Novice: 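Pasting a structure here, questions to come.
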Amino acid sequence: MQTRRFRSLTWKQTNLVVFTALFFAIAIFIVEILMVVSTERESLIRGQKEVLDSVEQPMENAVWALDDNLAKQTLDGLLKVDYVGSATITLDDGTTFASVGNATALPDDLFSAVSLKIFGEFRQISRDLHQPTYLDNNEKPQLIGTLQINYSTRELAEGLLSQLKLSFTATLARALFITLVLSLVFHRFLTQPIARIGEAIDRIDPESPDEHLLPILSNHKDDELGLVTSKLNQILVQFSKTQGKLRKMATRDSLTGLPNRTLLLETLTVAIQRASIRNNNLALLFVDLDRFKNINDSLGHALGDQYLIRIAMLLKRFVNKRGLVVRLGGDEFVILTEDLHSPSQAADFVEKLFEQLKAPIKLGEHSVHPAASVGISFYPDDGDTADDLIRHADIAMYSAKAAGSNQWAFFKQQMTERAVTRLRTEASLHDAISNNEFVLYFQPQLALASGNLIGCEALIRWQRGDKLISPMEFIPIAEETGIIVAIGAWVIEQSCKTLNMWQKRYNFQTTIACNVSTKQFADPGLIPHIKRTAMRYQVKPEYLEVEITETAFMNDVEQAILKLQQLKSAGFGIAVDDFGTGYSSLSYLRRLPLTTLKIDRAFISELPGNSAIASTILTLGKQLGLQIIAEGIETQQQLEWLETHECAIGQGYYFSEPLPLDEFEKRYVIKRPSSLVGL
C-alpha cells in the first residue's frame, strides 16, 4: 500500500489564503478597471467639450476672416492636447480650410480592437462654426464651417493600461502582504497549536495514556480547539480506566483477585531474565489442593468458591512480599519466589506452609481441614523458560499427590519421562475400545470346602500388539481422564456376552463379577446400562455381580444406597471389593444392600499370623448374612486357616491365575472339575 505524502496544514492554509486573496484581488481589479474606464470616459467627454469650447471662438474668427495662419496656429495648439492626433477645419462648401496632424489607421490587433471597443465613440468629435456673435446680425447665425478633431484611441488605451498596471501591482502587493500576515497569524494561533497537539499525541504511551494528556494552550481555553483538546483528554482518561479494567480482567483471577496464568508467564519471564543476569536461582511451587472436588460436591459450589478465596488469602498472607501467588484455575495455585535458592530452603518453606494449612477453615456450618500437594521446580536446573518451569513443577506435584496428602516433591527428569509415557497411554486409550485391543481374563472363585466353581471375576487386560499391559498401568490413567466409564461399560457388556455364549454353547451358567470404578459408579447411566445389557443378552441378573470399592459409596452414601437398592431389587449381586482398607466402611455396612463381602488380599497375606482383622470381617459378614470371599489366597497355610474359620469361597493364585477365555473354558467350563486343585 502506497504511503500518502504528508502535506502540512500550514502549507494548505497558505495556499488557500493565497488563492483566496488572488481571487479577490482579481475581482477588485476587474471592478477597478470598470470604474477607471467609466471615469476615463467621463473625463474624456468633459475634456473634449472643454477643448471645443476653448477653440470655437478663435476658429470662427479665423474662418470668418479667412485667416488661415490663425486657423493653423489654433489647430497646432490642439495637437498639444492629450491624445489629439489631428484636426481639420472644413468650410461650408466642403473644402478644407486648414488641417494639422495625420489620422493614422489602427493596427489590426487585439489591443486596437479593445481600445476601439472602449473609446470608439470618442475617436472623432466635431463642432459647427458660425459667424462671430459680435456681428450685429439679427438673423440666425450663419454656418461657415466645421471643426473636426480626431483622437488616438490606442494612446487612450495605452494610457489607461499604464494606469491599470500600476493599480494592479499595488493591489497584488496588498493581497500578498495580507496573505503573508494571515498565514503567520493562522500559523501562530491555529496550526502551530494543532502541531503541538500532534506532537503530544505522539508522546502518548498506549499502556498508560492518561500520563501524557494533551496540553491546553492558554489562548485556546475558551475556543473550539480548547474544547476538542479537553474532550480528547477525557477520552484518554476514560480509555486508561477501561484499559486498566481490561488488563485486570486479563491478568487477574475473577474469583480470588490473584494474578492468573497470563500475568504469571509475564512475571516469570522477567524473573528468569533477571536471575540469568544476576546468576541467581528462583523457585516455582505448584500447589494443588487435596480433596477439593469432595468439598465442592458435598458442600456446593458457593462454599467451594469461598474455600478457594480463603485459601488464596492464606497463601497471599503467608508468602507476603517474598514472592507472587497465582491462581491457575480450579484448585491449582502457583507460588513464584526469588528468595529460595536451595532445595533445603524450599523444603523448609513448604513445611511452614503446611503448618499454616493445618488450621481448619469454617465454611458456614462446616469445618474443613485444608490439605495440599506441592511440586517444586528450580531455575535454571529444571528449565530455562516459563513454560518448562510450570510444566515441571506440575509434574512434581503429581508425584507428591501420589505419595498422599500434604506431601511435596522436587522435579526430576524421570518424572517428565513418566509424564510423556502417561500422555501416550492416555492418547492410546481413546482408540483401544474401537480397535478391540481390550480382552477379558477370568479368575475363578471356588468353594473352599468342595473345590467347585462358584463364579469368576472378570479382569481386563490391554493387548497392544504382542504386549499385554497390566491394569495397574492404565486403569489409574483411565480413572483420571474419565475413559474408565466407557471401559467399565465394555467390561459389563463383554461379561454378559460371555454368559450368553456359555449358556448357548455349553449349557453352563455361573456368576461373573465385574469391577465398577468410582467414576463409573457415579455415572447416572450405570444402572440403566447394566439392566439393558443383561436384557439384551438374556442374562439372568443373579449371574452378574457388581463389585464396588469403599470409596465408590463414601462420597455420597445416600445416593450410593439408592443405586445399590435398584440393582439388588432387579436381582443383581452386589459385592464390596477390598473391604477393610477404608476407615468408614463398618459404620455404613449395615445400611448397604450387599450380597457379598470380599476380604482384601492385604489381610489374607498376613494369615495365619496376624488374623484379627480377617476374623472380624468373617464374623461380621456371617452376622449380616453376606457371602464372604477371600481374595489373594497364595499358600496352603492361608487356605487351611480360612477353612478352619469357615470362609466359604476363595480366589487367588493358589488356585489359578487370571486366565484368558479359552483357557478358562478348558479348565472350568468344559471339564468342570469337582475337586480343589492347588497350583
Side-chain angles (χ1 to χ4, degrees), residues 425 428-447 451-479 483-484 486-517 520 530 533-534 536-539 543-547 573 575 577-578 598 601 629-634 649-679:
T425 302
S428 301
L429 276 173
H430 285 281
D431 300 323
I433 297 177
S434 58
N435 294 339
N436 294 318
E437 296 177 1
F438 289 122
V439 293
L440 282 185
Y441 276 50
F442 300 90
Q443 188 173 34
Q445 296 172 339
L446 305 175
N452 293 333
L453 182 73
I454 301 299
C456 61
E457 182 177 0
L459 301 169
I460 192 170
R461 299 291 185 268
W462 186 4
Q463 186 76 49
R464 294 192 68 188
D466 297 332
K467 183 180 179 182
L468 191 66
I469 302 175
S470 167
M472 298 298 293
E473 296 184 33
F474 67 86
I475 289 298
I477 300 175
E479 280 272 9
I483 306 174
I484 192 66
I487 293 176
W490 180 87
V491 170
I492 291 172
E493 181 160 358
Q494 291 300 313
S495 298
C496 290
K497 187 176 181 181
T498 301
L499 288 170
N500 178 271
M501 182 266 293
W502 285 345
Q503 171 65 31
K504 290 182 178 179
R505 184 177 297 178
Y506 305 112
N507 193 26
F508 174 77
Q509 291 180 327
T510 192
T511 301
I512 294 181
C514 299
N515 290 286
V516 173
S517 71
Q520 187 182 4
I530 293 175
T533 305
R536 185 166 67 252
Y537 288 100
Q538 299 177 350
V539 172
Y543 292 117
L544 185 67
E545 187 174 68
V546 176
E547 288 191 8
D577 195 9
D578 300 336
K598 299 185 78 173
R601 68 184 67 249
I629 299 178
E631 289 185 304
I633 302 174
E634 297 183 356
I649 305 170
Q651 73 178 83
Y653 276 69
Y654 181 78
F655 309 117
S656 173
E657 62 185 359
L659 300 171
L661 178 62
D662 55 348
E663 289 293 327
F664 185 85
E665 289 177 345
K666 289 177 183 178
R667 188 179 299 186
Y668 294 102
V669 177
I670 300 174
K671 292 183 179 180
R672 301 186 190 180
S674 58
S675 61
L676 181 63
V677 180
L679 293 180

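Fair warning: this is a prediction, and the values are worked out from it, not measured in the lab. Residue indices begin at 1 and follow the sequence shown.
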Novice: Donor-acceptor pair, distance only, cut-off 3.5 Å: does the side chain of Asn435 make one with the backbone of Asp431?
Specialist: yes

Novice: Could you give the distance from SG (Cys456) to CD (Glu545), rounded to the nearest 0.5 Å?
Specialist: 10.5 Å

Novice: How many angstroms lie between CG in Leu429 and CZ in Arg464, if you round to the nearest 0.5 Å?
Specialist: 8.0 Å

Novice: Strictly distance-based, threshold 3.5 Å: is any side-chain N or O of Ser470 a donor or acceptor partner for the main-chain N or O of Glu473?
Specialist: no

Novice: Are any of the side-chain heavy atoms of Leu453 and Phe664 separated by less than 4.5 Å?
Specialist: yes

Novice: So, Trp502 versus Tyr537, ring centres under 6.0 angstrom or not?
Specialist: no

Novice: Could you tell me whether Phe655 and Tyr668 have their ring centroids closer than 6.0 angstrom?
Specialist: no

Novice: Using 0.5 Å steps for rounding, measure from the NE2 atom of His430 to the CD1 atom of Ile433.
Specialist: 10.0 Å

Novice: Can you measure from CZ (Phe442) to OG (Ser495) and round to the nearest 0.5 angstrom?
Specialist: 6.0 Å

Novice: Check each of Gln651, Glu457, Glu657 against Gln443 using the side-chain hydrogen bond (donor to acceptor under 3.5 Å, both in side chains) test, and report the only one that passes.
Specialist: Gln651

Novice: For the residue pair Leu544 and Thr511, establish whether any side-chain heavy-atom pair is separated by less than 4.5 Å.
Specialist: no

Novice: Distance check, rounded to the nearest 0.5 Å: Ile454 atom CD1 versus Ile649 atom CD1?
Specialist: 5.0 Å

Novice: Any chance you could measure Leu659, atom CG, to Glu665, atom CD, to the nearest 0.5 Å?
Specialist: 11.0 Å

Novice: Nearest heavy-atom pair of Thr510 and Phe508: which atoms, and what distance?
Specialist: CG2-CE2, 3.5 Å

Novice: Looking at every heavy atom in both Cys496 and Val539, which two are closest together, and how far apart are they?
Specialist: O-CG2, 3.4 Å

Novice: Does Glu634 form a side-chain hydrogen bond (donor to acceptor under 3.5 Å, both in side chains) with Tyr653? I'd like the steps, not just the answer.
Specialist: CA-CA 5 Å; Glu634 297 183 356; Tyr653 276 69; over 6 Å; no

Novice: Decide side-chain contact (heavy atoms from CB on, under 4.5 Å) for Val546 and Asn515; before the verdict, give the C-alpha distance in whole Å, the side-chain angles of both, and the deciding distance to 0.1 Å.
Specialist: CA-CA 6 Å; Val546 176; Asn515 290 286; over 6 Å; no

Novice: What's the verdict on salt bridge (Lys or Arg N to Asp or Glu O under 4.0 Å) for Glu493 and Arg536, showing C-alpha distance, side-chain angles and the deciding distance?
Specialist: CA-CA 9 Å; Glu493 181 160 358; Arg536 185 166 67 252; 3.2 Å; yes

